[in-house]
Protein chains: 2
Amino acid sequence: MTVAKRPVALNMTDLAERAGVSIATVSRALSGASGVSEETRRKIRMLADDLSYAVSPDAARLARGSSGRVAVVTPDVAHWFYASMLDGIVTGLRGTDLDVLLYEVKEERERRRFFEELPARRQVDALILVALPISDDERRRLDLMGVTVVMAGGTLGDHPHVRIDDVEAGRQATAQLVRAGHTRIAMINSTGTWSLEYAAPSARLKGFTTVLEEAGLPASMVVNRHWGSHGGVEGMSELLSLPEPPTGVVAFSDEVAFGALRTLRRAGVAVPHTMSVVGIDDHHLADMFDLTTVRQPVTEQGLVAGQLVHGILQEGEPAAPHVVLPTQVVVRGTTGPLPSLPGGPN
Amino acid sequence: MTVAKRPVALNMTDLAERAGVSIATVSRALSGASGVSEETRRKIRMLADDLSYAVSPDAARLARGSSGRVAVVTPDVAHWFYASMLDGIVTGLRGTDLDVLLYEVKEERERRRFFEELPARRQVDALILVALPISDDERRRLDLMGVTVVMAGGTLGDHPHVRIDDVEAGRQATAQLVRAGHTRIAMINSTGTWSLEYAAPSARLKGFTTVLEEAGLPASMVVNRHWGSHGGVEGMSELLSLPEPPTGVVAFSDEVAFGALRTLRRAGVAVPHTMSVVGIDDHHLADMFDLTTVRQPVTEQGLVAGQLVHGILQEGEPAAPHVVLPTQVVVRGTTGPLPSLPGGPN
DNA sequence: TGGGCTCACGTAAGCGTTTACGAAACGAGA
DNA sequence: TCTCGTTTCGTAAACGCTTACGTGAGCCCA
């Protein structure tokens, strides 16, 4: 006597027997395919319900040739930005019959390993890369998978993508300070987190410098730090230690801005009267810091990415493969008019 | 002439042909099973590498009977707590050959749908529930899946779980204020987010009241709000409007505390001199708010959950199925000694 | 009344693996 | 040299579905 591996699950053959029809009919009835009378279909469906039978996705996919799964690859699940993207993707895919397989590639090592072993290989119908900068070599490996690839929060060759215009975001943030009359404006930017160049920092910097030029303001101070809150703490410290500190600061991200604000609070510098700060993101805690910022629709980007994948899988090439979502200034309390006495309190 | 659905992928039979051996040998060689000479194995592995062939997981799993996947079910991917849990789980599972299938059940509707349709059904070997309160009925449905179920951040019948001691967390937070000499201590708690009772709020409340009793302090004010930052904003407003406001507040979570701090800042109430605040979590931005809090190891809980699942799948029943991780006070700037002039500034 | 159509359903051939079982080859002990 | 045990490998039967194709049954219209 052999013991079944999965004692509980009954299969389609069992169901067919009890329903008194062939397995093919059951398959058709349950999958919604045509070729079954409505009555038979109903009968089978009810029976399946009663016996709480579910079609084995693995077997179905083996037979059909497509997996019904999409892989999401992200550098850091825990981080607000990626988590929000993921959230958007998942909701964008809800309702479709696509499941999400999650891969995190935190460090350079893991990322190399991911592209070498391609664990998602032959497992998914599509791949969504979340703001993951990628080398040409890796792109080639990816194509080897032979699946749809979509980039969310960046670009990737000709592959479909969703993103924001980072140059514009940088412009908007900077313009907000220029408009308020500031003339000594600095930026706490963020590069070098990845060994591969991530596009956002340089794009935002470009927006920053462009606006300053257009306003006829002198080329200004830019410090580079890690793009988390601690980067902001350090960056602002450095700016404060300058002989002639700026009166306004553009932060690469809201988290950087949070850190900057903490430094300012500890240093007793009045915000926005002595120092104005503007971030980029509209982090869900930005309101708690009263932070003026440039909102980028993160969840929506994920959502669009999900829909893009769904569309492509369903009907081939997408209508609009490259989506750029708008950003927009959200004015709160950390920006204000030029201080009357530069450097002095209040 | 028929067109192949997946033109690229070659299969094990192809590989076997080119290697001049049978498909069984290839399978054994690639899976690491015994019964192949080392030389043959090496040869086959090299060939597979050259042709960049990878075993089809679906087919392998169909044949083997286990999916090699684990489902993670969480109420909100974007939220710091769940995202951190997820992060821990993913890292805990890294290195094993288990993939993560992600399911988000945000609203009551979706959650009901999840348990009715069980999309993860027959797709995974195990299920990790992330702080998801569950009814008895749903638990029964779950057992019907016939897979290992692990709870992270809570309990679930006899199923293995990882969590913290929420009563203790509540105690520690409250004790921190009592120790500082506060006598009018309030709590901004959080209930009713789910239709099902979530255990943490009542447990933390219990810790709160117990400490007050032990200290001989009068039963104190407790307001209930949503457990996000806006709940904290509202909760603190309500407390401030009291005829005799407290001098110390325990917040259900750090996010609630963030909101509370914002209200205090806007109201011009000095922290910690006029009002002390302590949170629970040690959110990664807690430091930016200078928030005193009770740290709970979130990522670690996820990590343990992942390891638990891996262990169970590998060797059956786990050695220690119920893990309780310690919490610990982190003192920062939002708590201080009892104000000399209650209610007055500074 | 019969020829052709449509519809509902069954038969069986895959899909790409794993694995029980058996066969061949080889070495060793007697 | 014969026999027995190992080791290495091949054969073929699953695994649980989907789907191309075939077969009757029923229907319509000439």
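In the text below, chain A, chain B and the rest are named by the order of the sequence lines, each starting its count at 1.
- Between dC17(D) and Y53(A), a contact under 4.0 Å exists linking OP1 or OP2 to a side-chain N or O.
- Per the geometry, CG belonging to L62(A) stands 12 Å off P belonging to dG16(D), to the nearest Å.
- Once rounded to the nearest 0.5 Å, the distance linking CG of L30(B) with CE of M12(B) reads 5.5 Å.
- For the residue pair D99(B) / Q123(A), a side-chain donor-acceptor distance below 3.5 Å is found, with atom types taken as modelled.
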(request) Begin from the C-alpha positions of R69(B) and D58(A) and carry the test side chain to side chain contact (heavy atoms under 4.5 Å, CB included) through to its verdict. (result) CA-CA 11 Å; R69(B) 266 173 250 128; D58(A) 278 329; 3.0 Å; yes
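- A straight line from CZ of R122(B) to P of dG16(D) spans 7 Å, rounded to a whole angstrom.
- The CZ-C1' distance, from R64(B) to dC15(D), rounds to 12 Å in whole Å.
- Each of T40(B) and A59(A) was matched to the nucleotide of DNA chain D holding its nearest heavy atom; the match closer to the 5' end belongs to T40(B).
- In this structure, E116(B) CD and E138(B) CD are separated by 9.5 Å, a value rounded to the nearest 0.5 Å.
- Put simply, OG1 on T74(B) and CG on L129(B) are 9.5 Å apart, with the number rounded to the nearest 0.5 Å.
- Distance CD1 (I44(A)) to P (dA8(C)): 13 Å, rounded to an integer number of Å.
- Atom pair E39(A):CD and dC7(C):P shows a separation of 17 Å (rounding to whole Å applied).
- For DNA chain C, the residues of residues 18-31 of chain B within the heavy-atom distance limit of 4.0 Å (strictly under) are I23(B), A24(B), S27(B), R28(B), sorted by number.
- Checking the phosphate oxygens (OP1, OP2) of dT8(D), no side-chain nitrogen or oxygen of R41(B) falls inside 4.0 Å.
- Distances shorter than 4.0 Å separate some side-chain N or O of S37(B) from OP1 or OP2 on dC9(D).
- Of the N and O atoms on the side chains of T299(B) and D87(B), not one donor lies less than 3.5 Å from an acceptor on the other residue.
- Rounding to whole angstrom units, CG of residue D58(B) and P of dA14(D) are separated by 22 Å.
- Heavy atoms from other residues, nucleotides or ligands lying under 6.0 Å from CZ of R45(B) number more than 12.
- For the pair M12(B) CE and dA12(D) P, the interatomic distance rounds to 18 Å; values are reported in whole Å.
- The CG-P distance, from D97(B) to dT17(C), rounds to 16 Å in whole Å.
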